[in-house]
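Have a look at the structure below, then the notes.
In what follows, chains carry the letters A, B, and so on, assigned in the order in which the sequence lines appear, proteins first and then strands, with residues in each chain numbered from 1. Only a predicted model underlies this, so the values are computations on that prediction, with no experimental measurement involved. Values reported hereafter were calculated over all heavy atoms of this structure, with side chains retained and with hydrogens, waters and symmetry mates removed.
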Amino acid sequence: MKKVFAKTSYVNLFVAAMTRLVNRQPEIAGMSLLYGDPGLGKSRTALWWVAQSNGVFIRTKKLMSGRWLLEEIVSELGESPMRRISDLFRQCVDMLLENPRTLFIDEVDYLAHDARVIETLRDIHDTTGTPFVFIGMGQADKKLMRFKHLYDRFSEVIKFGDLTEPDVRAIVDQMCEVKMADDAIKYLHDTSNRFRKIVVAMYRAESIARANSLKEVTMAHLLGAKR
Amino acid sequence: MRPKKVINKARKNTDRERAWKVMRAMGNYTLTDLASVADIPYGNIGHYHQCLVAAGYVRQVGTKRVEGRPGFDKVYRLIKNTGPKPPIQKDLRFLFDPNNGQYWADNPELIAEVAAGGDPEPFLPEKAITGKIKIYGKPVRLLAPRKPKKGVTDVD
């Protein structure tokens with residue numbers, strides 16, 4: 001198995017959206033929402049993008065207040081936070097104006113119950129024009145729809161879903177060291193369309209190929225190994 | 001002629017910087033996760049991570065059975081999250097943390113040298129090469145000491 005980050009169709013969608021977000025016209029609002037059920041790789045995709053780019057990744061906590069969030073943002077940007085909340089906000093805005101960086105807010109559902117916190121993020125966006133990416137769970141779009149002024153600013157909304165057959169093909173092509181036949185891909189997609197299950201199947205396919213010096217693994221090989 | 005300035009080449013978004021970012025954001029992780037998400041060669045992350053483990057930044061919290069192949073993956077967790085800047089590995093067992101300005105080294109002589117105001121970099125490689133270093137019981141080959149670059153500090 002190659003230790004690479006597999007790019008599925010959802011990842012490509014996300015990358016395209018991020019590129020549009022960074023190179024957008026000034027009149028377009030720069031907020032975006034990324035949501036989906038747990039275990040589909042939202043945070044991992046966002047983290048991969050943060051690592052490549054100059055982004056800031058902030059994981060929110062259930063108890064988070066506005067001050068705590070601002071302190072977290074300022075310390076992630078590389079300064080020690082000020083004491084008064086007005087100074088803190090000004091410090092945050094100044095730093096973002098000086099050095100614009102995309103802010104990724106993970107688990108944004110936690111902030112949805114507190115209008116003050118979430119509207120603070122909108123204030124920061126409006127004063128600095130910094131792109132924001134919110135990452136939330138399955139119902140995040142409905143939770144955030146209550147804040148009309150905020151939801152209005154989402155220029156990109158991406159939903160992560162289950163893997164499709166071309167996605168499985170893309171993962172196998174990028175990560176597996178042996179080729180897999182089309183029927184094997186179809187079998188994988190029908191039986192297990194979760195990433196972890198595909199990893200198991202790929203390890204299995206590699207060991208089958210190694211033991212039998214095969215160049216391509218088919219569905220019959222995978223079924224034979226199961227018994 | 002304009003005077004040459006001493007420029008500190010700030011390298012941006014290096015492999016290890018990316019790895020540090022990912023380590024801070026992930027809860028539990030394996031080295032495979034780190035290599036794939038941070039997009040960094042496995043060998044590089046291995047060396048850096050070993051040093052972080054020895055310095056107490058990272059702790060192994062368990063093992064994970066990977067289905068489909070034999071063996072286990074070690075699961076780690078970052079326990080000393082000092083800040084956004086990645087600790088700099090200056091030698092195999094010598095670390096500098098720019099977040100709090102602290103040094104960590106395997107032998108206390110090094111720290112004494114740093115505390116006395118000495119520059120640890122020029123003397124370190126020679127010192128390391130004199131004795132055979134073993135990490136986790138395996139002998140490690142060290143690279144030859146770097147020659148100081150000419151004309152870097154010249155100001156005309």
Side-chain angles (χ1 to χ4, degrees), chain A residues 1-7 11 41 43-60 72-81 95 99 101 104-107 135 171 174-177 192 194-208 210 222 225-226, chain B residues 10-49 64-78 80-88 97-102:
Chain A
M1 277 260 290
K2 294 170 200 157
K3 293 176 181 69
V4 290
F5 185 78
K7 291 165 198 75
V11 176
S43 299
R44 201 171 256 251
T45 309
L47 207 52
W48 169 76
W49 180 263
V50 169
Q52 313 297 318
S53 68
N54 191 19
V56 178
F57 191 88
I58 291 152
R59 196 205 177 280
T60 56
E72 199 96 330
I73 292 174
V74 168
S75 56
E76 280 300 312
L77 289 170
E79 265 186 30
S80 51
M95 289 182 78
N99 183 15
R101 296 168 79 177
F104 289 76
I105 315 286
D106 197 7
E107 312 279 7
I135 304 158
I171 291 171
Q174 286 169 52
M175 292 182 79
C176 194
E177 279 168 20
S192 54
R194 286 277 163 158
F195 184 73
R196 285 186 195 102
K197 297 271 176 155
I198 294 171
V199 169
V200 173
M202 280 193 286
Y203 276 124
R204 195 167 284 153
E206 277 175 12
S207 68
I208 293 168
R210 221 175 294 125
L222 285 177
K226 247 188 170 178
Chain B
R11 287 187 294 163
K12 277 188 182 160
N13 218 4
T14 55
D15 283 0
R16 291 177 178 202
E17 201 178 327
R18 289 204 298 276
W20 180 250
K21 262 188 201 173
V22 174
M23 259 187 250
R24 290 181 72 220
M26 272 189 167
N28 293 346
Y29 60 86
T30 62
L31 284 187
T32 318
D33 291 341
L34 216 54
S36 67
V37 176
D39 203 3
I40 153 172
Y42 198 70
N44 191 3
I45 184 61
H47 283 130
Y48 186 48
H49 202 264
K64 194 172 87 178
R65 170 95 177 83
V66 186
E67 271 185 75
R69 71 168 169 82
F72 295 91
D73 270 358
K74 285 178 183 167
V75 182
Y76 296 98
R77 177 178 267 278
L78 188 72
K80 219 162 106 182
N81 187 353
T82 47
K85 292 175 192 161
I88 300 160
D97 192 341
N99 297 304
N100 50 16
Q102 283 179 358

Spacing of [X] atom [atom1] and [Y] atom [atom2] [to the nearest 0.5 Å]:
| X | Y | atom1 | atom2 | answer |
| --- | --- | --- | --- | --- |
| B:Asp33 | A:Arg44 | CG | CZ | 4.0 Å |
| A:Ser53 | B:Arg18 | OG | CZ | 11.0 Å |
| A:Arg59 | B:Met26 | CZ | CE | 13.0 Å |
| A:Asn54 | B:Glu17 | CG | CD | 8.5 Å |

For the [atom1] atom on [X], are there more than 12 heavy atoms of other groups (residues, nucleotides or ligands in this structure) within a distance under 6.0 Å?
| X | atom1 | answer |
| --- | --- | --- |
| B:Lys74 | NZ | no |
| A:Lys197 | NZ | no |
| A:Lys2 | NZ | yes |

query = For B:Arg24, what residues pass the side chain to side chain donor-acceptor pair (under 3.5 Å) criterion, not counting sequence neighbours?
reply =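 For B:Arg24, the residues satisfying side chain to side chain donor-acceptor pair (under 3.5 Å) (neighbours in sequence not counted) are A:Glu76, B:Asn81.
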inquiry  = Once side chain to side chain donor-acceptor pair (under 3.5 Å) is applied, do any residues pair with B:Tyr29, and if so which ones, sequence neighbours excluded?
reply    =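 B:Tyr29: side chain to side chain donor-acceptor pair (under 3.5 Å) contacts with B:His49.
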message = Quick check on A:Val50 against chain B: is it the side chain, the backbone, both or neither that has a heavy atom closer than 4.5 Å?
response =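 When you check distances to chain B, atoms from both the backbone and side chain of A:Val50 fall under 4.5 Å.
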query = Given a strict heavy-atom distance threshold of 4.5 Å, which part of A:Glu206 is in contact with chain B: side chain, backbone, both, or neither?
reply =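 Neither the backbone nor the side chain of A:Glu206 comes within 4.5 Å of chain B.
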Residue-level interface, residues 38-47 of chain B with chain A, non-hydrogen cut-off under 4.5 Å =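 Under the 4.5 Å heavy-atom cut-off, B:Ala38, B:Asp39, B:Tyr42 qualify.
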Compare every heavy atom of [Y] with every heavy atom of [X], then report the nearest pair and how far apart it is.
| X | Y | answer |
| --- | --- | --- |
| B:Thr32 | A:Lys3 | CG2-CG, 3.8 Å |
| B:Val37 | A:Ala51 | O-CB, 4.3 Å |
| B:Pro84 | A:Ser75 | CG-O, 3.5 Å |

message = B:Asp97: which residues meet the salt bridge (Lys or Arg N to Asp or Glu O under 4.0 Å) condition with it, sequence neighbours left out?
response =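 B:Asp97: no salt bridge (Lys or Arg N to Asp or Glu O under 4.0 Å) contacts found.
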ask   = Picking from B:Ala35, B:Ala19, B:Ser36, which has the most non-hydrogen pairs under 4.5 angstrom with chain A?
value =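 Top count of heavy-atom pairs under 4.5 Å with chain A: B:Ser36.
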